[in-house]
Amino acid sequence: MRARLLASGAVALMAAGLPAMAQERLAAVKVWGDRQSDDPGSVATLDAEQVFEVRADHPAEILNQLPGVNVQMNSGQEHLIAIRSPVLTGGAGQGSFLILENGVPVRSPAFGNVNSLLEPHHEVASAIEVVRGPGSAKYGSNAVHGLINVILPEVGQGSEAVASYGTLGRWRGDVTLDEGEDWLAALSLQKDIGWRDNTGIDQQKLTLMGDWTLGAWDTTAWLTASNLNQETAGFIEGKDAYKDEDIARSNPNPEAYRDAWSARAGARLSRPLNGGELVLTPYAHTQAMTFAQHFLPNGGVEKNGSTGGGLMGRYERAASDALTWRIGADMDLASGWLKEIQPEPFGFFPGDGRFPQGKHYDYTVDTLMGALWGELDYALTEDVRVVAGLRAEAHDYDYSTDVAPGINGRFNVPADRTDNFELLTPKLGVIWSVADTVDLYANYARGQRAPQASDLYRLQSLQVAGQVKEETLDSVEIGARGSALQGRLVYDVSAYWMDKENFFFRDSDGLNVPDGSTEHKGVEVTGAFELSSVVSLSGAASWSDQTYTFDRVVGSGTETIRDGNKIDTAPEWLANLSLDWQATQALKLSLNVDHVGEYYVDPANTTVYPGHTVLGARGSWAFSDTAEVFLIVRNLTDERYADRADLAFGNDRYFPGEPVNATLGMRKRF
C-alpha cells in the first residue's frame with residue numbers, strides 16, 4: 001500500500017508542480033484513465049488549471065509540455081503526432097496512437113485520422129492523460145506508441161466564461177454552465193483570420209454532461225460535437241524558406257481547405273456486484289471530412305466519413321487484501337467510406353495518363369472488432385506489487401468498391417474482399433517502493449494494431465492487395481519516481497527500449513513495404529521543484545535514438561533506407577522548462593522555453609532541420625476571487641522556425657512557425 005500512495009502523490013505533484021492540485025487530478029485519472037497513476041509504466045497528466053493557463057489554441061501547445069511527446073503543427077488546426085516515436089504520417093500516423101475522450105475511443109480502430117486531435121474538446125478538459133508506450137490490457141488496437149485521453153469537465157466544478165483575443169487576429173471564447181448536481185454544458189468558439197495569406201479558421205465544439213443515479217447504477221453520460229471550417233495553407237518550399245518572413249506568410253495553395261465535423265455520445269454506468277464493481281460503457285460516434293489534397297502534385301479532393309459504436313464492459317473485484325482482478329470485453333461495429341476525386345486534368349508532360357480526371361476511389365468498409373481481456377494486480381509484499389494483463393482481439397473487414405476494380409493510371413482499385421486480423425497483447429509490470437519517498441518500476445508491454453482501411457484498400461498501381469500484416473511493437477521500460485528535499489522536488493525518470501515489426505508504408509517507387517522494422521530507445525525526465533514558497537521550476541526533457549533496422553533501396557536516393565539510419569522527423573532532444581513566480585496573492589508571472597532538437601527530414605539521412613528554441617511568457621492578475629485577466633506572449637523573441645520540416649519530390653518544404661504574438665483575455669467564475 002505504501003508504494004501505491006507514494007506513486008500517486010508523486011505523479012500528481014509532478015504534473016502540476018503544486019501540491020494543492022494533486023487530489024483533483026488524481027481523482028479524474030482514477031475514474032477515467034488507462035491505468036492508476038501508481039501502476040508500472042509512464043503516464044503523465046495535465047489538470048484543469050494547467051489546461052486553462054496554457055490556453056492552447058492548438059492541442060500541440062499543451063501536449064508538447066509532456067516528456068516524449070512531439071505534436072507538430074501544420075496549417076491551422078492540422079497536426080501530426082509523435083509519442084516515443086518519429087512524427088508518423090499516412091496509415092501509421094492514423095493508427096499508432098489511440099485518442100480517447102473519457103476513456104472511450106473517438107473513432108473505430110480502422111478509421112483513424114492523422115489530425116485526430118481536431119475532435120476531442122480539449123479546450124475545457126478537466127484533465128488530459130498521456131500514456132507513453134503501449135496501452136494497458138484495457139485498450140487494444142491503435143494504443144501502440146501511446147494514447148491521449150481527454151477527460152471532459154465534471155459536473156459540480158462550477159461555471160465559468162473565458163474570452164480572449166490575439167494579435168494574429170484570433171478570437172476565442174469558452175463557456176461552461178454547470179448546474180451543480182446533474183448536468184453541465186460547455187461551448188468553445190474560435191475564429192482565426194490566419195497569419196498566413198488566404199487562411200482562416202472557424203471552429204466550434206460542444207459538450208453536454210449529465211450525472212445521475214438510476215436505481216443501483218451511478219451514471220455519467222455525455223454528448224460532444226465539433227465542427228471545423230478551415231482555409232488551409234500549404235508547404236512553403238526552398239532551403240530554409242521559413243527564415244524569410246515574406247515567404248513564411250505566403251500560401252502556395254490558396255485553394256486548399258478542410259471541412260470536418262464529428263459527434264460522439266457515451267455513458268459510464270457502474271454499480272456494485274457480488275463484492276466487486278461492474279462498469280458498462282456504451283458509445284456511438286460519427287464524423288465526416290472533406291479536404292483538398294494540396295500536399296500532392298495532382299491535387300484532388302478527398303471525402304471520408306465513418307459511423308460506429310459499441311460497448312466496453314469490465315468487472316473488478318478484490319479477491320483479498322493482496323489480490324485484485326479485472327476482466328473485460330469490448331465490441332465495436334463501424335462502417336466507413338472514402339472517395340477521392342480529381343476535378344481537373346493533370347500531367348507532368350503531354351500525354352501523362354497517370355493522374356486521370358474523375359474518381360480514383362469510392363469504397364465502403366464495414367468492420368467488426370471483438371476483444372476479451374484480463375488483468376491481475378497482486379501485492380507480493382507490503383512494498384512490491386505486480387500487474388499482469390493479457391488481451392485478445394479480432395478484427396473483421398468487409399470491403400466493397402463503387403468504381404471498377406483494376407488499374408486506373410497510377411491508382412489501383414482492389415476488387416471486393418474481406419480481411420481478418422487477430423491480436424494478442426500481454427503486459428507485465430512490477431513496482432517496488434524502496435523507501436518512503438522513492439518507487440522503482442519496470443514494465444513490459446506489447447502494442448499491436450490492425451491495419452487502417454486506407455492502407456488496405458487505397459492502393460497505387462504497383463501495390464498488391466492483401467500484403468499488410470498486423471504491426472507489433474514490444475516495449476521494455478524501467479523508471480524511478482518520487483520526491484526529495486522534504487517534498488519540494490518531485491520527479492519521474494524513465495528509460496525505454498522498443499522494437500517494432502511489420503511496419504507498413506508505401507515507398508517512393510509505389511511499392512508496398514509490409515515488413516519494415518524500427519528500433520526506439522530513449523530516456524525521459526520530468527519534475528517540479530519549489531525554489532521558494534512563491535517560485536517554482538518545472539519541466540521535462542527527452543532523449544531518443546530512433547533507427548531503421550532493415551534495408552530498402554528505392555529509385556529515389558532520398559528514400560533509400562539502410563539498417564542503422566535515423567528515422568526521419570525524430571528529434572534526438574525535446575525539452576521544455578517553466579519558471580513560475582507568484583509575485584503577489586493576485587499576480588502570477590511565468591516564463592517558459594521549448595526546445596526541439598535537430599532531425600533528419602528524409603529516410604536516407606541526407607538533409608537536416610537544425611531544430612529551434614522558442615520562448616514564451618504569461619501573466620495573470622486576479623482582481624477578485626472570481627475574476628482575472630491574463631496575457632500570453634508566444635514566440636517572445638520572434639524566432640524564425642519551422643513547426644514541420646520535410647523533404648518531398650526533391651524539395652525542402654516547411655510549415656513555418658507563428659511569429660511573435662500576444663493574447664489578452666479574461667476569465668470569470670460564477
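These numbers come from the heavy atoms of this one structure, side chains and all, not from hydrogens, waters or symmetry mates.
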Asks: Not counting sequence neighbours, which residues clear side-chain hydrogen bond (donor to acceptor under 3.5 Å, both in side chains) with Gln460? List them please.
Replies: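 Expected list: Arg410.
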
Asks: Main chain of Phe355, side chain of Gln342: is a donor-acceptor contact present, judged purely on distance under 3.5 Å?
Replies: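 Answer holds: yes.
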
Asks: Do Ser108 and His395 come close enough that some side-chain heavy atom pair is under 4.5 Å?
Replies: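 The answer is no; the side chains never approach within 4.5 Å.
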
Asks: Find the distance between CE (Met498) and NE2 (His145) and round it off to the nearest 0.5 Å.
Replies: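 Met498 CE to His145 NE2: 5.5 Å, rounded to 0.5 Å.
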
Asks: Determine whether a donor-acceptor pair (N or O, by modelled atom type, separation under 3.5 Å) exists between the side chain of Thr290 and the backbone of Asp259.
Replies: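 No: the side chain of Thr290 does not pair with the backbone of Asp259.
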
Asks: Please name all residues satisfying side-chain contact (heavy atoms from CB on, under 4.5 Å) with Ser400, sequence neighbours left out, ordered by chain then number.
Replies: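 side-chain contact (heavy atoms from CB on, under 4.5 Å) list for Ser400, sorted by chain: Thr364, Asp416.
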
Asks: Side-chain contact test, heavy atoms from C-beta onward, threshold under 4.5 Å: evaluate it for Arg196 versus Pro656 and give yes or no.
Replies: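 A side-chain contact under 4.5 Å exists here.
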
Asks: Applying salt bridge (charged side-chain N to carboxylate O under 4.0 Å, His left out) to Arg107 and Glu119, what does each step give before you reach the verdict?
Replies: CA-CA 10 Å; Arg107 291 190 177 204; Glu119 296 167 356; 2.7 Å; yes

Asks: With sequence neighbours left out, write down each residue that passes salt bridge (charged side-chain N to carboxylate O under 4.0 Å, His left out) with Asp362, or none if nothing qualifies.
Replies: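 Salt bridge (charged side-chain N to carboxylate O under 4.0 Å, His left out) list for Asp362, sorted by chain: Lys359.
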
Asks: If we ignore angles and hydrogens, is there a donor and acceptor under 3.5 Å between the side chains of Gln448 and Thr472?
Replies: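 Their side chains do contain a donor-acceptor pair, which is all the 3.5 Å distance test asks for.
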
Asks: Sub-3.5 Å donor-acceptor pair from the side chain of Glu237 to the main-chain atoms of Asp652, do we have one?
Replies: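 It does not hold such a pair.
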
Asks: Taking salt bridge (charged side-chain N to carboxylate O under 4.0 Å, His left out) as the test, write out the residues that go with Asp643, two or more places apart.
Replies: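 Asp643 satisfies salt bridge (charged side-chain N to carboxylate O under 4.0 Å, His left out) with no other residue.
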
Asks: Go through the steps for Ser96 and Arg449 under the test side chain to side chain contact (heavy atoms under 4.5 Å, CB included), then give the verdict.
Replies: CA-CA 7 Å; Ser96 297; Arg449 70 175 180 92; 3.8 Å; yes

Asks: Quick one: does any side-chain atom of Tyr139 pair with a main-chain N or O of Gly103 as donor and acceptor, under 3.5 Å?
Replies: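 Confirmed, Tyr139 side chain pairs with Gly103 backbone.
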
Asks: Please check if the side chain of Asp499 supplies one atom and the backbone of Asp474 the other of a donor-acceptor pair under 3.5 Å.
Replies: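 Between the backbone of Asp474 and the side chain of Asp499 there is no qualifying donor-acceptor contact (under 3.5 Å).
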
Asks: Please check this pair: side chain of Asn512 against backbone of Val464, looking for a donor-acceptor N/O pair closer than 3.5 Å.
Replies: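 Pair found, side chain donor or acceptor close to backbone of Val464.
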
Asks: Just to verify, what does Tyr457 make a side-chain hydrogen bond (donor to acceptor under 3.5 Å, both in side chains) with, not counting sequence neighbours?
Replies: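 Asp419.
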
Asks: When you check the side-chain N and O atoms of Glu78 and Asn115, is any donor under 3.5 Å from an acceptor?
Replies: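 The answer is no; no qualifying pair exists.
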
Asks: For Tyr599, give me all partners under ring pair (Phe, Tyr, Trp, His ring centres under 6.0 Å), at least two apart in sequence or on another chain.
Replies: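 Here the qualifying residues are Tyr609.
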
Asks: Please check: side-chain N/O of Thr199 versus main-chain N/O of Ala233, any donor-acceptor pairing under 3.5 Å?
Replies: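 Not at all, since once roles are kept as given, no pair shorter than 3.5 Å links the two residues.
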
Asks: As a quick check of understanding, evaluate side chain to side chain contact (heavy atoms under 4.5 Å, CB included) for Tyr397 and Leu456, giving each step before the final call.
Replies: CA-CA 10 Å; Tyr397 297 66; Leu456 287 168; 3.9 Å; yes

Asks: Does the plane of the ring in His285 sit parallel, tilted or perpendicular to the ring in Tyr283? Use 30° and 60° as the thresholds.
Replies: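 Geometry flag for Tyr283 against His285: parallel rings.
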
Asks: So which pairs with a foot in residues 111-132 pass ring-ring contact (aromatic ring centres under 6.0 Å, His included), sequence neighbours left out?
Replies: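 Sorted pair list comes back empty.
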
Asks: Would you mind reporting whether Asn420 and Asp396 have side-chain heavy atoms less than 4.5 Å apart?
Replies: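 Yes, side chains in contact.
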
Asks: Using distance alone, with no hydrogens and no angle criterion, decide if Gln452 and Ser454 have a side-chain donor and acceptor under 3.5 Å apart.
Replies: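 Distance-only check fails for Gln452 and Ser454.
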
Asks: Going by heavy atoms in the side chains, are Glu154 and Met209 under 4.5 Å from each other?
Replies: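 Counting from C-beta outward, Glu154 and Met209 never come under 4.5 Å.
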
Asks: Is there a donor-acceptor contact under 3.5 Å from the side chain of Lys205 to the main chain of Pro120?
Replies: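 Judged by distance alone, yes, a pair lies under 3.5 Å.
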
Asks: Kindly say whether the aromatic ring centers of Phe655 and Phe235 come within a distance under 6.0 Å.
Replies: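 Judged by ring-centre distance (under 6.0 Å), Phe655 and Phe235 do meet the cut-off.
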
Asks: Could you please spell out the steps behind the side chain to side chain contact (heavy atoms under 4.5 Å, CB included) verdict for Val144 and Asn142?
Replies: CA-CA 5 Å; Val144 176; Asn142 301 42; 5.9 Å; no

Asks: Who passes side-chain hydrogen bond (donor to acceptor under 3.5 Å, both in side chains) against Asp211, sequence neighbours left out?
Replies: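 Listed in chain order: Thr220.
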
Asks: With Asp330, which residues qualify under salt bridge (charged side-chain N to carboxylate O under 4.0 Å, His left out), at least two apart?
Replies: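 Counting only residues at least two positions away or on another chain, Asp330 forms a salt bridge (charged side-chain N to carboxylate O under 4.0 Å, His left out) with Arg391.
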
Asks: Measuring from Ile407:CD1 to Arg354:CZ, what's the distance to the nearest 0.5 Å?
Replies: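 Result: 14.0 Å between the selected atoms.
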
Asks: May I ask you to check whether Phe503 and Tyr548 place their ring centers less than 6.0 Å from one another?
Replies: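 No, ring centres 6.0 Å or more apart.
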
Asks: What pairs with Gln293 under side-chain contact (heavy atoms from CB on, under 4.5 Å), at least two apart in sequence or on another chain?
Replies: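 Gln293: side-chain contact (heavy atoms from CB on, under 4.5 Å) contacts with Phe291, Phe295, Leu296, Glu302, Glu340, Arg458.
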
Asks: Given side chain to side chain contact (heavy atoms under 4.5 Å, CB included), test His360 with Asn298 step by step and report yes or no.
Replies: CA-CA 12 Å; His360 298 160; Asn298 58 302; 4.1 Å; yes

Asks: So among Thr281, Val150, Leu152, which one has a side-chain contact (heavy atoms from CB on, under 4.5 Å) with Asn102?
Replies: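 Output: one option passes, namely Leu152.
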
Asks: Hey, what do you get for CG (Leu147) to CD1 (Ile83), rounding to the nearest 0.5 Å?
Replies: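 Output value for this atom pair is 7.5 Å.
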
Asks: Could you tell me which non-hydrogen atom of Pro282 sits nearest to which non-hydrogen atom of Leu311, and how far apart they are?
Replies: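 Of all heavy-atom pairs spanning Pro282 and Leu311, the closest is N-CD1, 3.6 Å.
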
Asks: Near Glu422 CD, under 6.0 Å, is it more than 12 heavy atoms from other residues, nucleotides or ligands?
Replies: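 No, the 6.0 Å shell around CD holds no more than 12 heavy atoms from other groups.
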
Asks: Would you indicate whether the side-chain heavy atoms of Ile81 and Leu63 approach each other to under 4.5 Å?
Replies: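 No, every pair of side-chain atoms sits at 4.5 Å or beyond.
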
Asks: Are Asp402 and Lys339 side-chain neighbours, meaning at least one heavy-atom pair lies under 4.5 Å?
Replies: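 No. Closest side-chain heavy atoms not under 4.5 Å.
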
Asks: Looking at residues at least two apart in the chain, or sitting in another chain, which of them share a side-chain hydrogen bond (donor to acceptor under 3.5 Å, both in side chains) with Asn113?
Replies: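 Result, side-chain hydrogen bond (donor to acceptor under 3.5 Å, both in side chains) vs Asn113: none returned.
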
Asks: One pair to check against side chain to side chain donor-acceptor pair (under 3.5 Å): Asn198 and Tyr257. What are the steps and the verdict?
Replies: CA-CA 10 Å; Asn198 301 299; Tyr257 67 93; over 6 Å; no

Asks: Give me the atom names and distance for the closest heavy-atom approach of Ala392 to Leu424.
Replies: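 Shortest heavy-atom contact: CB-CD1, 3.9 Å.
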
Asks: Could you measure the distance from the CG atom of Leu228 to the CD atom of Gln203? Nearest 0.5 Å is fine.
Replies: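 These two atoms lie 5.5 Å from each other.
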
Asks: Just to verify, what does Asp398 make a salt bridge (charged side-chain N to carboxylate O under 4.0 Å, His left out) with, not counting sequence neighbours?
Replies: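 Expected list: none.
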
Asks: Answer whether the closest heavy-atom distance between the side chains of Ser85 and Phe97 falls below 4.5 Å.
Replies: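 Of all side-chain heavy-atom pairs linking Phe97 with Ser85, at least one is under 4.5 Å.
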
Asks: Would a 4.5 Å heavy-atom cut-off, applied to side chains only, mark Pro414 and Leu459 as touching?
Replies: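 Pro414 vs Leu459: side chains touch.
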
Asks: Donor-acceptor pair, distance only, cut-off 3.5 Å: does the side chain of Asn251 make one with the backbone of Asn253?
Replies: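 Answer holds: yes.
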
Asks: When rounded to the nearest 0.5 angstrom, what is the spacing between CG in Asp568 and CG in Asp646?
Replies: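 It comes to 8.0 Å.
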
